[in-house]
Amino acid sequence: MTTWLNMSLQDGASPIMEQLVFFHDHVLMIMLMITTTVSYMMITLIRNKQTSRFMLEGQMIETTWTIAPAIILVFIAMPSLRLLYLMDEVHNPSLTLKAVGHQWYWSYEYSDFTKLEFDSYMIPQEEQQESTFRLLDTDNRIVLPMNSPIRMIVTAADVLHSWTIPSLGVKTDATPGRLNQTSFSISRPGILYGQCSEICGANHSFMPITIESVPAKHFINWVSK
């Protein structure tokens, strides 16, 4: 999860989030190179008082500064399109989880099992323990197996919500009367936190999401109990 004064992205807990972090660094490096070059040229032009008659008109430099940005945009667009394809691709899922947004809590249903569903409320501040996080922990955590493709189906029962886990790179709108689908795979065990990212009412900021990633054997034991 994110920490105080953290300026960078959260550590990726899924392959998609790791690719998103790499793409962010890739584009940031290109932006840094462009900013440095343009700043150097502007400072040089401001400080240089001389004028060259050969630089007043030049087709070659105009052609260069037209083609160069196009090439840079290609280097940004290609990995971006690849990421969009990977994020939209749903592989053969080993588990399907349905999330329903309510005002103001989440309901979950494991579609592959019978009668495995529960509501997830934020833990009130007066009931919190020292090991829980304020405004982030829930009374019922989502338990999911790691290293398994998960299909997520998201909808809402009343107003717009948004099911978001930043460390997984997942953000899916929950729309009443519509089923939105996404997929992810958790690459490491641990507890992942998220919140509703849609302004859905007065208690919008009190709809936390807590995922507990466990090995497949522990998940089977949890389901059997």
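Hydrogens, waters and symmetry mates play no part in the numbers below; they use all other heavy atoms, side chains included.
- With contacts defined as side-chain heavy-atom distances shorter than 4.5 Å, the pair Leu116/Trp222 qualifies.
- By the criterion of side-chain heavy atoms lying less than 4.5 angstrom apart, applied directly or through intervening Ile, Leu, Val, Met, Phe, Trp or Tyr residues, Ile165 is not grouped with Leu20; the two fall into different hydrophobic clusters.
- Applying the side-chain hydrogen bond (donor to acceptor under 3.5 Å, both in side chains) test to every pair with at least one member in residues 13-23, sequence neighbours left out, gives these pairs: Gln19-Arg82.
- With hydrogens and angles disregarded, a donor-acceptor distance shorter than 3.5 Å links the side chain of Ser224 to the backbone of Asn221.
- With values rounded to the nearest 0.5 angstrom, Met207 atom CE is found 9.5 Å from Ser120 atom OG.
- Atom CG of Leu168 and atom OG of Ser183 lie 11.0 Å apart (nearest 0.5 Å).
- Under the 4.5 Å side-chain contact rule for hydrophobic residues, Val100 and Phe206 do not share a cluster.
- Both Leu86 and Phe23 are members of a single hydrophobic cluster when ILVMFWY side chains are connected at heavy-atom separations under 4.5 Å.
- Remark: Asp173 pairs with no residue by the salt bridge (Lys or Arg N to Asp or Glu O under 4.0 Å) rule, at least two apart or across chains.
- When the side chain to side chain donor-acceptor pair (under 3.5 Å) test is applied to Trp163, the partners found at least two apart in sequence or on another chain are Tyr108.
- Shown here for Tyr193 and Leu136, the closest heavy-atom pair between the two residues is CD2-O, 3.5 Å.
- A donor-acceptor pair under 3.5 Å links the side-chain atoms of Asp139 to the main chain of Tyr121, judged by distance alone.
- Other residues, nucleotides and ligands contribute over 12 non-hydrogen atoms within 6.0 Å of the CG atom of Asp25.
- Under the side-chain contact (heavy atoms from CB on, under 4.5 Å) criterion, Ile67 pairs with Thr63, Ile71, not counting sequence neighbours.
- Side-chain contact between Arg188 and Ser213 is absent, with no heavy-atom pair separated by less than 4.5 Å.
- For Thr210, the side chain to side chain donor-acceptor pair (under 3.5 Å) partners at least two apart in sequence or on another chain are Thr138.
- When all heavy atoms of Pro166 and Gln10 are compared, the closest pair comes out as CB-NE2, 3.6 Å.
- Taking hydrophobic clusters as Ile, Leu, Val, Met, Phe, Trp and Tyr residues chained together by side-chain heavy-atom distances below 4.5 Å, Phe75 does not share a cluster with Met33.
- Evaluation of the side-chain contact (heavy atoms from CB on, under 4.5 Å) rule for Glu62 yields Trp65 as partners, not counting sequence neighbours.
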Determine all donor-acceptor pairs shorter than 3.5 Å in which one atom belongs to a side chain in residues 141-153; sequence neighbours excluded.
| unit_1 | atom_1 | unit_2 | atom_2 | d |
| --- | --- | --- | --- | --- |
| Arg141 | NH2 | Asp137 | OD1 | 3.2 |
| Ser148 | OG | Met146 | O | 3.3 |
| Arg151 | NE | Thr96 | OG1 | 3.2 |
| Arg151 | NH2 | Thr96 | OG1 | 3.0 |

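- Applying the 6.0 Å contact sphere to CZ of Phe22 captures no more than 12 heavy atoms from other residues, nucleotides or ligands.
- Residues satisfying the side-chain contact (heavy atoms from CB on, under 4.5 Å) test with Val38, not counting sequence neighbours, are Ile34, Met42.
- Taking each heavy atom of Pro15 and Ser185 in turn, the nearest pair found is CD-O, 3.2 Å.
- Applying the side chain to side chain donor-acceptor pair (under 3.5 Å) criterion to Ser197, with sequence neighbours excluded, gives Thr164.
- Taking hydrophobic clusters as Ile, Leu, Val, Met, Phe, Trp and Tyr residues chained together by side-chain heavy-atom distances below 4.5 Å, Ile72 shares a cluster with Met31.
- Closest approach of Trp106 and Pro208 over heavy atoms only: CD1-O, 3.6 Å.
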| Would Glu117 and Ser107 count as a side-chain contact (heavy atoms from CB on, under 4.5 Å) if you check the C-alpha gap in whole Å, the side-chain angles of each, and the deciding distance to 0.1 Å? | CA-CA 7 Å; Glu117 55 186 44; Ser107 297; over 6 Å; no
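- Atoms CD and OG, on Gln195 and Ser205 in that order, are 7.0 Å from each other to the nearest 0.5 Å.
- Taking CG of Leu192 as the reference point, atom CD1 of Ile186 lies at 5.5 Å (rounded to 0.5 Å).
- Note that the OG1 atom of Thr155 and the NZ atom of Lys98 stand 6.5 Å from one another [nearest 0.5 Å].
- Within 6.0 Å of CG in Leu135 there are more than 12 heavy atoms belonging to other residues, nucleotides or ligands.
- Proximity of a side-chain donor or acceptor of Ser80 to a complementary backbone N or O of Ile76 within less than 3.5 Å is not detected.
- By the side chain to side chain donor-acceptor pair (under 3.5 Å) test, His204 pairs with no residue at all, sequence neighbours left out.
- Its side chain within the 4.5 Å cluster rule, Val74 clusters with Met78 among the Ile, Leu, Val, Met, Phe, Trp and Tyr residues.
- Aromatic ring orientation, Tyr110 versus Phe219: tilted (interplanar angle from 30° to 60°).
- Interatomic distance, CD of Gln181 versus CG of Asp88, reported as 9.0 Å (0.5 Å rounding).
- Checked against side-chain contact (heavy atoms from CB on, under 4.5 Å), Val159 has the following partners two or more places apart in sequence or in another chain: Gln103, His161, Cys200.
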